[in-house]
Every structure is written in C-alpha cells, then in structure tokens.
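Here is the naming used below: chain letters follow the sequence lines, and residue numbers restart at 1 for every chain.
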Number of protein chains: 2
Amino acid sequence: MSIQARRERERAERERAIVAAARELAESEGWDAVTTRRLAAEIEYSQPVLYSHFKGKGAIMAAVAVEGCGDLAAELAAARAAATDPRQAVADMARAYVAFAERRPALYDAIFNLPVDLPFASKDAPVELARAFAELAETLRPVAGGDDLEAFTETFWSGLHGLVTLMRNGRLRRADHERRLAILVDRFTR
Amino acid sequence: MSIQARRERERAERERAIVAAARELAESEGWDAVTTRRLAAEIEYSQPVLYSHFKGKGAIMAAVAVEGCGDLAAELAAARAAATDPRQAVADMARAYVAFAERRPALYDAIFNLPVDLPFASKDAPVELARAFAELAETLRPVAGGDDLEAFTETFWSGLHGLVTLMRNGRLRRADHERRLAILVDRFTR
DNA sequence: GCAGATTGGCTAGCGGTGCTAGACTGCGAG
DNA sequence: CTCGCAGTCTAGCACCGCTAGCCAATCTGC
C-alpha cells in the first residue's frame, strides 16, 4: 500500500501547489490574471488536472480565501495580544484589519468580496473564519455594553469592511482615512 | 439642419436605450447576463454600435451607475424629508439606504462594488453621487458632534455599505440584520 | 443631376475565458 | 504477459470583450 500512499501524498502536494499558485498570482497580478490556463502552466500540469482537484475556478478561489482567513485571524490575534487597554485594543485591531486589507487586497477580495460560495455565517463555516471573527468579538466584548456581542461585532466589522472596500475602489478620499477610522473606533468604544 | 437634428436625436435615443437595456438586464438577470452581444440584440443593432456610443462595457456600466445614483439620491431625499426628529431621520435614512441596496442589488453593485472607473471623491464626480452624499451629510449634521462632517458621513456610509455587502454575499446572518442596523444607528446618534 | 467623399452600420474574426469530451499512456492485478 | 483502469493530455466547445475592414446610404461640390 506504500505506492498508493505516495500517490496520495503527491496528489495532496499538487493540490497545495494549485492553491499556492493561485494565491501568489492573485497577490502579484490581481485576480484577473488568475486564469485556469495560467494556473495550469504554473503548476506544470494541463488544465483539466485542476478540475480533478476542484469543482471549478470558484472552488480554487474559495480555498485561497480560507487560507487567507487564517492569516487574517493570526494578525488580528497578534494585535489583540499586544494591546493592554481594552479601548486601545479595539483601535489596534481595527488598524490591523485595515492594514491586512491594504497589504493583501487580492486575498481580502477572495475572502470578502468575490462571489465565492463559502458557508460563512453558519455552522460549517471554515474554522479560520470563525477564529478571525472570534478575535474581533473578544476584543469588542468590553465595549459592547448592553448590545448583543455577536451583532455588535458584525456591525463593527461591517464598518471596517465598508471603509476598506469603499476606499480601495476610490469611493472615499484616501487622505481622510485615519480620521474616518478614528471616528469609527471612537463611536464604538465610547 | 433639421435632418442632422433628427439624426442626433435618434442617436441620443439609442444611447438611452443602451443604458436602459443594460440596467434592465442587470436588474432582472444580474450583471453576468449583461454581455455586449446580448445588449446589442436587445437594442436591435449590431455589437460594434455599442462602441460608437461608449468606450467599452465598463463605460456602459458607469452610465447605469450614474443613473442609479440619481435614484438612490431621490430615495434618500424622500426619507429625509419624511422624518421630523433628527435621530429618527438618521434611522429612516439608513433604512432607505439598505432598502435600496436590497431592492436593486445590481444597481447598487454598479454604483459601489464593480470596478467601474468613475470619479468619486473628487471635483468632477457625477452630480447624482454628490446629491446622494449631500443627503446623507445633511441628515447626519445634527448628530456629528465635533467630528468633521464629511469624514463622519463617509464613516457612517461605510458602515451601511459594509452591512449591505456583507449580508448580500452571505457573510452575515440575515436574521440579525435589524439588530445590526439599530446598533449602527444608535452608535452614530448617541 | 451626377461623381466623389464621408458617414455609419454591418459581417467576420481575433485572442482570450471557463470548462469538458474523448483519446492515449503507463501502471497494477490476474 | 495481457488486460483493465487511473490518470493525464490534446483538442475543442461556447462564450467573452473588442475591432478591422467592407459596403451601402447619404451628403457635398461641381
């Protein structure tokens, strides 16, 4: 059974390579550059091989999104751990969130913007996403007041998400970014 | 010169028809269904005609977005006019905003989500957009406190936008929508 | 009134997309 | 040693946004 084991190992490795290639290509040249042909060339296999691993391009993007979610969760956790004052923690977390979105726009898009069918707000949402959400929620707990923590977190998160996406699409003047972020944090922590 | 006048009139009418067709098609079947071929068939002309009116598909979408912006501005104005209490006005406006996004998702996408190069936060932004923004700003003026009104408006707007987009993409549980909206309004009006 | 220039629409096609049918090849089992 | 089956590839489908170049209808100047 060792041969079959090797096969499966190689197959898993190849799957990992596909996701990695998609992620790198998206981060360096944007999602428009991520085509199935290009991806196939990158992993040095033919196009149809992709479809023996994933249902379609969307599924590959979803895999990238899940991975990226893990990264986001890690960065949020780091920001939370570094802060001492609860209010400051919220500000730092917000800053970390925005920084992530700015630094890795393609990854952020995969997670939140692109129409990639991932189960999100449900039981079988990927654990990475749940972790990211939990980091946010824990940071916000001290300032949630009487509001339902989950809804409160989602609302604050929406604020961050709105700031990030509207600014990146040129819908908001970049110059006032800091000011807007400060207003959002202030209004949710006072 | 009457013949030329008729020509220009017909040409303008055809341009209007293109935008209308794009809008209707997008609203009924989504932007994916809006292809140049389909659009051409809809207006009963050949494909290249579209390019004698618009630089490309993006420009057509931009035209739809500008039109939609006018609609949004009108609905926000109506909501503001109907309210008496300043705090209630903010809540009503928020509700109107969300309702617009829910009722006409394709239009909302054209305005805010799709990578359509429109000048937004600049001098030559379309007047329709400026109107919509001004409606928001005027409603928020009484509750902005010491914050810069423009930045404050943008921040609140981002909150609404985040709620709308995250919910529509399935990133937020629909059930808690009202609760989240209430939290957002509350935090920005207290 | 007629030849020539110009306009405006069309057909056809280019290079790309996501995805798949069907041929082929090389390995493991009998 | 042969057969059957996985696994991979080539080739191609239907579609996309966009454009070159033809062709007919119209306007212009003689």
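- When rounded to the nearest whole Å, the span between NE2 of A:H53 and P of D:dG7 equals 10 Å.
- A:K57 has its NZ atom 15 Å from the P atom of C:dT20, to the nearest Å.
- For a distance-only test at 3.5 Å, the side chain of A:Q47 qualifies as a donor-acceptor partner of the base of C:dC19.
- Spacing between atom CD of A:E15 and atom P of D:dT8 amounts to 12 Å, rounded to whole angstrom units.
- The aromatic ring centroids of A:F112 and A:W157 lie less than 6.0 Å from each other.
- A cation-pi arrangement is present between B:R14 and B:Y45 under the rule of less than 6.0 angstrom and at most 45 degrees off the ring axis.
- To the nearest angstrom, C1' of D:dC18 lies 11 Å from CD1 of B:I60.
- In this structure, B:R11 does not reach the C:dT7 phosphate: none of its side-chain N or O atoms is under 4.0 Å from OP1 or OP2.
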Inset, instruction - Quick one: do B:E75 and B:R103 satisfy side-chain contact (heavy atoms from CB on, under 4.5 Å)? Show the steps, please. - result: CA-CA 12 Å; B:E75 297 195 13; B:R103 191 154 33 82; 2.7 Å; yes

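- When the side-chain nitrogen and oxygen atoms of B:S52 are compared with OP1 and OP2 of C:dG8, none of them lie within a distance under 4.0 Å.
- Atom CH2 in B:W31 sits roughly 11 Å away from atom P in D:dG17 (whole-Å rounding).
- Counting all heavy atoms, side chain and backbone alike, B:I111 lies closest to A:R171 at O-NH2, 2.7 Å.
- Rounded to whole Å, atom P of D:dC16 lies 11 Å from atom OH of B:Y51.
- Between the CZ atom of A:R37 and the C1' atom of D:dG12 there is a distance of 10 Å, rounded to whole Å.
- Heavy atoms of A:R38 sit nowhere under 4.0 angstrom from any nucleic acid atom.
- Dashed line: the shortest gap from a side-chain N or O of A:T36 to OP1 or OP2 of C:dG18 is under 4.0 Å.
- Within 4.0 Å of B:S46, counting heavy atoms only, lies at least one base atom of the nucleic acid.
- Taking atom CG on A:L114 and atom P on C:dG18, their separation rounds to 13 Å, with Å as the unit.
- Taking the nucleotide of DNA chain C with the nearest heavy atom to each of A:D32 and B:V49, the more 5' of the two is matched to B:V49.
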